[in-house]
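Comments concern the structure below.
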Number of protein chains: 2
Amino acid sequence: MQNLSKNQQIIFDLIDKSPEPLKAYSILFNVQKRGIKAPLQVYRALDKLVEIGKIHKIESRNAFIACQNSSCQISKATAFSICESCEKVTEINNSNLSKYLTSFKDKNGMKYNKYNLEFFGLCKKCVSKKS
Amino acid sequence: MQNLSKNQQIIFDLIDKSPEPLKAYSILFNVQKRGIKAPLQVYRALDKLVEIGKIHKIESRNAFIACQNSSCQISKATAFSICESCEKVTEINNSNLSKYLTSFKDKNGMKYNKYNLEFFGLCKKCVSKKS
DNA sequence: GTTAAATTGTTATAATATAACATTTTGTAA
DNA sequence: TTACAAAATGTTATATTATAACAATTTAAC
Ligand SMILES: [Zn+2]
Ligand SMILES: [Zn+2]
Ligand SMILES: [Zn+2]
Ligand SMILES: [Zn+2]
């Protein structure tokens, strides 16, 4: 693992200490005091961080979270649970699931080298609130 | 199944006969001759069509395809394969997979009621081109 | 027929993301 | 330690995706 560049480190630190996924322009707003002024600077760092597996993009939310699973730094097999009420997102680290999906072969004969899975529902807290 | 409204039908027909996922503004361009002039008209129809399961959104591509699986008209358990070379997208209809994911329970105790899975790789055609 | 719900029409604007180009920094190897 | 290539940065402009707000019309149910 190479070290992160200045902008990459600033942006990773912000995402890593956030309890929730962050959106690109919210990141931009938060790092402007540290000298990062343009969207492109943010997107470039995000692209790199995703590429090296330090963060993941939550596709259904256009938001980014730090990898919570030190073993998935290749970013090619990701799974998340998303609460549709409070929007809490958790990275799922379940070897049964990842084995199942990594070895999954469909009848179309396609060779998969990557997947992304997003589960939606209500987290424990939000379930109990509703009852 | 209720009938579709005029705009919904126009937009569904276009998506349904497209061999590839369509993006919202490409849809807009294509239906302007039929009287649909504004992005919001397209997005409203898309929202409804997704809600009733006639189309699905491919989140990683911001594009829409017709449901290829008549049995999933609730749109709560979707899986796709995406070729990273030619961008061909296919809806996966595999009961083993859907059973596994629908009954999946993680240790976080969350109750899932929906999921979306996207596999990435090279389709048969693109694999053979590279060899 | 009356009413409520769904759909449509329209203008403006917000939010997300990339193009293009110039410069600087960093790592690698003669 | 200089020379070169790769990576990262800085900057302006623009493209793409999506929603807010409000008014009018159509549809379906009672
Ligand atoms: Zn991870
Ligand atoms: Zn919640
Ligand atoms: Zn479907
Ligand atoms: Zn292909």
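These numbers come from the heavy atoms of this one structure, side chains and all, not from hydrogens, waters or symmetry mates. Below, chain A is the first sequence line, B the second, and so on; all start at residue 1.
Here the C1' atom of nucleotide C:dT7 and the CD1 atom of B:Ile52 are 13 Å apart, to the nearest Å. Look at CG on B:Asp47: it is 11 Å from P on C:dT7, rounded to the nearest Å. Regarding A:Gln9, its CD atom lies at a distance of 13 Å from the P atom of D:dA8, rounded to whole Å. The distance from atom NZ of B:Lys48 to atom P of D:dA18 is 19 Å, rounded to the nearest whole Å. Note: CZ (A:Phe29) to P (C:dA15) measures 13 Å, nearest angstrom. Distance CG (B:Leu46) to C1' (C:dT8): 15 Å, rounded to an integer number of Å. The OH-P distance, from B:Tyr43 to C:dA14, rounds to 17 Å in whole Å. The distance between atom CG of A:Leu4 and atom C1' of D:dT9, rounded to the nearest whole Å, is 15 Å.
A donor-acceptor pair is defined here as one N or O able to donate and one able to accept, closer than 3.5 Å; such a pair exists between the side chain of B:Ser128 and the backbone of B:Lys125. Side-chain atoms of B:Glu118 never come within 3.5 Å of backbone atoms of B:Ile82 as a donor-acceptor pair (strictly under, hydrogens ignored).
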| task | Give the C-alpha distance, both sets of side-chain angles, the deciding distance and a yes or no for side-chain contact (heavy atoms from CB on, under 4.5 Å) between B:Leu101 and B:Tyr112. | result | CA-CA 10 Å; B:Leu101 292 177; B:Tyr112 304 128; over 6 Å; no
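Of the residues near DNA chain D, B:Arg44 and A:Gln8, the one whose nearest nucleotide (by heavy atom distance) lies more toward the 5' end is A:Gln8. Where A:Leu40 and B:Ala38 meet DNA chain C, the nucleotide closest to each residue was compared, and B:Ala38 sits on the side nearer the 5' end. Taking for each of B:Asn62 and B:Ala45 the nucleotide of DNA chain C with the nearest heavy atom, the 5'-most of the two is the partner of B:Ala45.
OP1 and OP2 of D:dA7 both lie 4.0 Å or more from every side-chain N or O belonging to A:Ser5. Applying the 4.0 Å criterion to OP1 and OP2 of D:dA18, one finds that B:Lys57 has a side-chain N or O inside that range. In terms of phosphate contacts, A:Lys23 brings a side-chain nitrogen or oxygen within less than 4.0 Å of OP1 or OP2 of C:dT16. For B:Lys6 and C:dT7, the shortest distance from a side-chain N or O to OP1 or OP2 is not below 4.0 Å. Remark: B:Lys37 is not in phosphate contact with C:dG9, judged by side-chain N or O atoms under 4.0 Å from OP1 or OP2. Proximity of A:Gln41 to the phosphate of D:dG10: a side-chain N or O atom is located under 4.0 Å from OP1 or OP2. Taking side-chain N and O atoms only, B:Asn7 has a distance below 4.0 Å to OP1 or OP2 of C:dG9.
Tested against A:Gln68 for a side-chain contact (heavy atoms from CB on, under 4.5 Å), the candidates A:Val89, A:Ile92, A:Asp16, A:Thr90 yield a single pass: A:Thr90.
Centre separation under 5.5 Å together with a plane angle under 30° does not hold for the ring of B:Tyr25 and the six-membered base ring of D:dT16, so they are not marked as stacked.
For the residue pair B:Asn62 and B:Tyr25, no side-chain donor N or O sits within less than 3.5 Å of a side-chain acceptor on the partner.
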